[in-house]
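Reading through the structure tokens given below for one structure.
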Amino acid sequence: MAKAPKNAISPTREEDYPEWYQQVIKAADLAEISPVRGCMVIKPWGYAIWENIQRALDRMFKDTGHQNAYFPLFIPLSYLEKEAQHVEGFAKECAVVTHHRLEANPEGGLRPTGQLEEPLVVRPTSETIIGAMYAKWVQSYRDLPILINQWANVVRWELRTRMFLRTTEFLWQEGHTAHATREEAVEETLKMLDVYATFAQDYMAMPVIKGEKTAGERFPGAVNTYSIEAMMQDRKALQSGTSHFLGQNFSKAQEIKYLSAEGREEFCWTTSWGVSTRLIGGLIMTHSDDDGLVLPPRLAPAHVVIMPIFRNDEERATVLDFCQRLEAELKAQSFSGEPVRVLLDAREMRGGEKSWLHVKRGVPVRLEIGPRDVASDAVFMARRDRAANEKSGVPRGEFVANISKLLTEIQDNLFARARTLRDENMRTIDNREEFIRYFTPKNEEKPELHGGFALCHYGEDPEVAQLLADLKVTIRCIPLEGQVAGGDRAAGQCIFTGKPSQGRAVFAKAY
RNA sequence: CGGGGCGUAGCUCAGCCUGGCAGAGCGCUUGGUUUGGGACCAAGAGGCCGAAGGUUCAAAUCCUUUCGCCCCGACCA
């Protein structure tokens, strides 16, 4: 018998974190690089996770009064030009459509022809096209607020891409709202930030810090940008969702105006907010281990996989029958308000290989059912939040009755584990030397695993900016009140310049 | 756009320096032996050696051109 490797994934997180990440995606069959530069193909298992993300978020959006709509993929070039900062922010990463026809060229290939009078930009984000429509839709204060979300794809021509984290085309949702007052728009901005944080923690089991971005990290054209920041297992930060208060910048640029109850013409106050398939990257890097993907049950495409084991046709019949009844029983149970998702995998495949396959794909609970289990009316169970070889027999009835409890336990366990890792790698730092030491890799062999989140007082300063750039550290956010211990808004002194500071910010290396 | 690397079987790659029948492992198909755990044996299928041009009796290999991809920077959800 061939010796199995210690871990299903090689290299391990410790050996080479970025490569480990790629290998997990491959082993879990989530996605693969496509023939198109910078773009990926999301495979069924990966897409099913996205569908679960969509379903949960969509419900939360509806529950907060939003409706879905759809706007064009193409944006006239002139629309993007309207908001100065917005153009500047996106100009360098736009795909532009300039022709609308192909004709045969003399070499036998095809060449574009039929040049467009005005080039069309493939949306990098939809503020401008949606704003143009809102300008038509809003006449009176009675038309407000407009609370719309769209599920869409966008294109940003990034120079360096990584699967799920940064691809040229990606899937996301973008909410765009217009309000009569500043207060209402600010409230909306923070409300949706809360929705994201709740989703991240309750569904993804990923602890996040809600915070405000500094001026330099703001969305192009926004007055304020808020984000949720999560810590990956290599201690780097992942911006996992953003919510922007756009003030009247876009409404003024696009003339989104209404007549108030007092009969005055006013500009709307707008917001936008989004999360993308990047969340899947965050999910992978938050929970997965050296055996592959680990999925929180609430987002797992399958909660339980049943793997029948038999040696001959006679055993096959009894075992399969038992498994099918078990499948039906489990599907009749509910977890988190939905039927338990069960996968009966009766494919002709060696048991060990099949089992490892589901380990690598992150299925929360695995059941191996053989003749012995049928005879004793039990299931042989392994959970993905424990070691792959840790398995135990459980009476069938007890297992079925407790499935929801078990999945909840796994979900909670993953969250607790992730929060512990984050908290262990987050600290307040009060002097410059310690800060530099914290963010300087000690081991050149494994420079990936070091640092974490540092909570520090700081002041805007060119010299500080240079120091951060040299260390490759960024200010992730200024945490909102009550988000992190030591992060509350209390006065102090910038650890670099000694200038007065209004509160601590989260510093980290980031994706 | 700078710096580095690579294009050979579905995948990972060897062969190239020093020109001479296109290879290995994995995967796939079939048959057998296995079977509570990532199996073993055997037989098979599978290639315009990224593309174009040149040198040569002879090119995956040498020369020129070109296209594409990957990695490291600068830019970023």
Side-chain angles (χ1 to χ4, degrees), chain A residues 1-10 16 18-19 22-23 26-27 32-39 88-94 107 109 124-125 153-162 164-174 196 213 216-220 222 225 227-230 237-244 272-282 291-292 307-312 315-316 319 348-360 366-376 378-382 388-389 391 393 447 469 472 474 476 510-511:
Chain A
M1 202 178 296
K3 219 193 224 153
K6 242 186 304 182
N7 300 109
I9 303 296
S10 173
D16 184 347
E19 182 58 24
Q22 301 291 334
Q23 293 303 324
K26 193 173 167 188
E32 72 183 59
I33 295 173
S34 79
V36 185
R37 197 209 81 104
C39 297
E88 204 189 322
F90 285 104
K92 283 172 285 184
E93 50 185 41
C94 285
E107 290 81 43
T125 179
N153 58 340
V154 286
V155 166
R156 296 183 188 176
W157 211 265
E158 300 288 351
L159 301 176
R160 292 223 342 87
T161 57
R162 294 190 68 186
F164 290 113
L165 299 174
R166 179 166 295 108
T167 47
T168 301
E169 178 190 12
F170 57 95
L171 305 183
W172 78 344
Q173 80 33 238
E174 47 181 328
Y196 289 154
K213 288 288 188 184
E217 300 269 336
R218 228 169 253 156
F219 176 76
T225 287
S227 72
I228 51 171
E229 300 284 334
L238 184 73
Q239 178 176 308
S240 308
T242 49
S243 188
H244 314 291
S272 68
W273 28 273
V275 296
S276 70
T277 36
R278 173 178 250 207
L279 287 177
I280 296 175
D291 286 330
M307 293 173 277
I309 292 161
F310 43 80
R311 265 170 296 199
N312 50 50
E315 284 184 359
R316 182 190 149 90
V319 170
E348 245 183 75
M349 191 188 282
R350 294 188 64 79
E353 194 184 349
K354 191 190 282 184
S355 184
W356 275 108
L357 198 133
H358 292 293
V359 169
K360 289 185 280 194
R366 305 188 302 283
L367 299 180
E368 297 169 3
I369 311 288
R372 293 209 298 262
D373 306 296
V374 175
S376 60
V379 301
F380 200 53
M381 188 263 291
N389 58 6
K391 302 172 184 181
K472 293 181 184 165
T474 53
R476 298 320 302 155
Y511 277 97

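Convention: sequence-line order gives letters A, B, ...; per-chain numbering from 1. Model, not experiment: these values are computed from the prediction.
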Report summary line: Separation of B/G36 atom P from A/K391 atom NZ, nearest Å, is 11 Å
**Report entry** Integer-rounded Å distance: B/C11 C1' and A/Q23 CD
**Finding:** 11 Å
Requested in this report: Nearest-nucleotide wise, let me know which of A/P308 and A/G89 is further upstream toward the 5' end of RNA chain B.
Outcome: A/P308
**Report entry** Residue whose closest nucleotide on RNA chain B lies nearer the 5' end, A/K360 versus A/R218
**Finding:** A/K360
Report task. Give, for atom CZ of A/F164 and atom CG of A/L171, the distance between the pair rounded to the nearest 0.5 Å. Result -> 9.5 Å
Can you tell me which nucleotide in [options] comes closest to the side chain of [X]?
{"X": "A/K92", "options": "B/G37, B/C75, B/A77", "answer": "B/C75"}
{"X": "A/A8", "options": "B/A77, B/C11, B/G38", "answer": "B/G38"}
{"X": "A/F170", "options": "B/G36, B/G38, B/A77", "answer": "B/A77"}

Report task. Would you please name every residue forming a salt bridge (Lys or Arg N to Asp or Glu O under 4.0 Å) with A/E32, sequence neighbours left out? Result -> A/K43
Using a heavy-atom cut-off of under 4.0 Å over every strand shown, decide if [X] touches base, sugar-phosphate, or nothing.
{"X": "A/L165", "result": "base"}
{"X": "A/S276", "result": "base"}
{"X": "A/E158", "result": "base"}
{"X": "A/F219", "result": "nothing"}

**Report entry** Side-chain donor/acceptor contact of A/D373 with base of B/G36 under 3.5 Å
**Finding:** yes
Query raised in the report: Is it true that atom CZ of A/R316 has more than 12 heavy atoms of other residues, nucleotides or ligands lying nearer than 6.0 Å?
Result: no
Requested in this report: Take atom CD1 of A/I33 as the centre, draw a 6.0 Å sphere, and report whether it contains more than 12 heavy atoms from other residues, nucleotides or ligands.
Outcome: no
Taking the same atom, [atom1], in [N] and in [M], what whole-Å distance lies between them?
{"N": "B/C17", "M": "B/G50", "atom1": "P", "result": "15 Å"}
{"N": "B/A9", "M": "B/C26", "atom1": "C1'", "result": "12 Å"}
{"N": "B/C57", "M": "B/C40", "atom1": "C1'", "result": "48 Å"}
{"N": "B/G20", "M": "B/C63", "atom1": "P", "result": "15 Å"}
{"N": "B/G25", "M": "B/U8", "atom1": "C1'", "result": "15 Å"}
{"N": "B/A51", "M": "B/A59", "atom1": "C1'", "result": "15 Å"}

Report task. For A/Y196, check ring-ring contact (aromatic ring centres under 6.0 Å, His included) against everything at least two apart and list the hits. Result -> none
Requested in this report: Only counting residues at least two apart or in another chain, list the ones meeting ring-ring contact (aromatic ring centres under 6.0 Å, His included) with A/F170.
Outcome: A/W172
Going by the rule side chain to side chain contact (heavy atoms under 4.5 Å, CB included), which residues pair with [X] if we only count those two or more places apart in sequence or in a different chain?
{"X": "A/K360", "result": "A/A8, A/A27"}
{"X": "A/A382", "result": "A/R366, A/K391"}
{"X": "A/Q239", "result": "A/K213, A/S227, A/E229, A/T242, A/R278, A/R476"}
{"X": "A/R37", "result": "A/W157, A/T168"}

Give each protein N/O atom lying under 3.5 Å from an N/O atom of nucleotides 27-35 of chain B, with the pair distance.
unit_1, atom_1, unit_2, atom_2, d
B/U34, O2, A/R350, NH1, 3.2

N/O-N/O pairs, protein side and nucleotides 68-73 of chain B side, under 3.5 Å:
unit_1, atom_1, unit_2, atom_2, d
B/C72, OP1, A/R160, NH2, 3.3
B/C72, OP2, A/R160, NH1, 2.8
B/C72, OP2, A/R160, NH2, 2.2

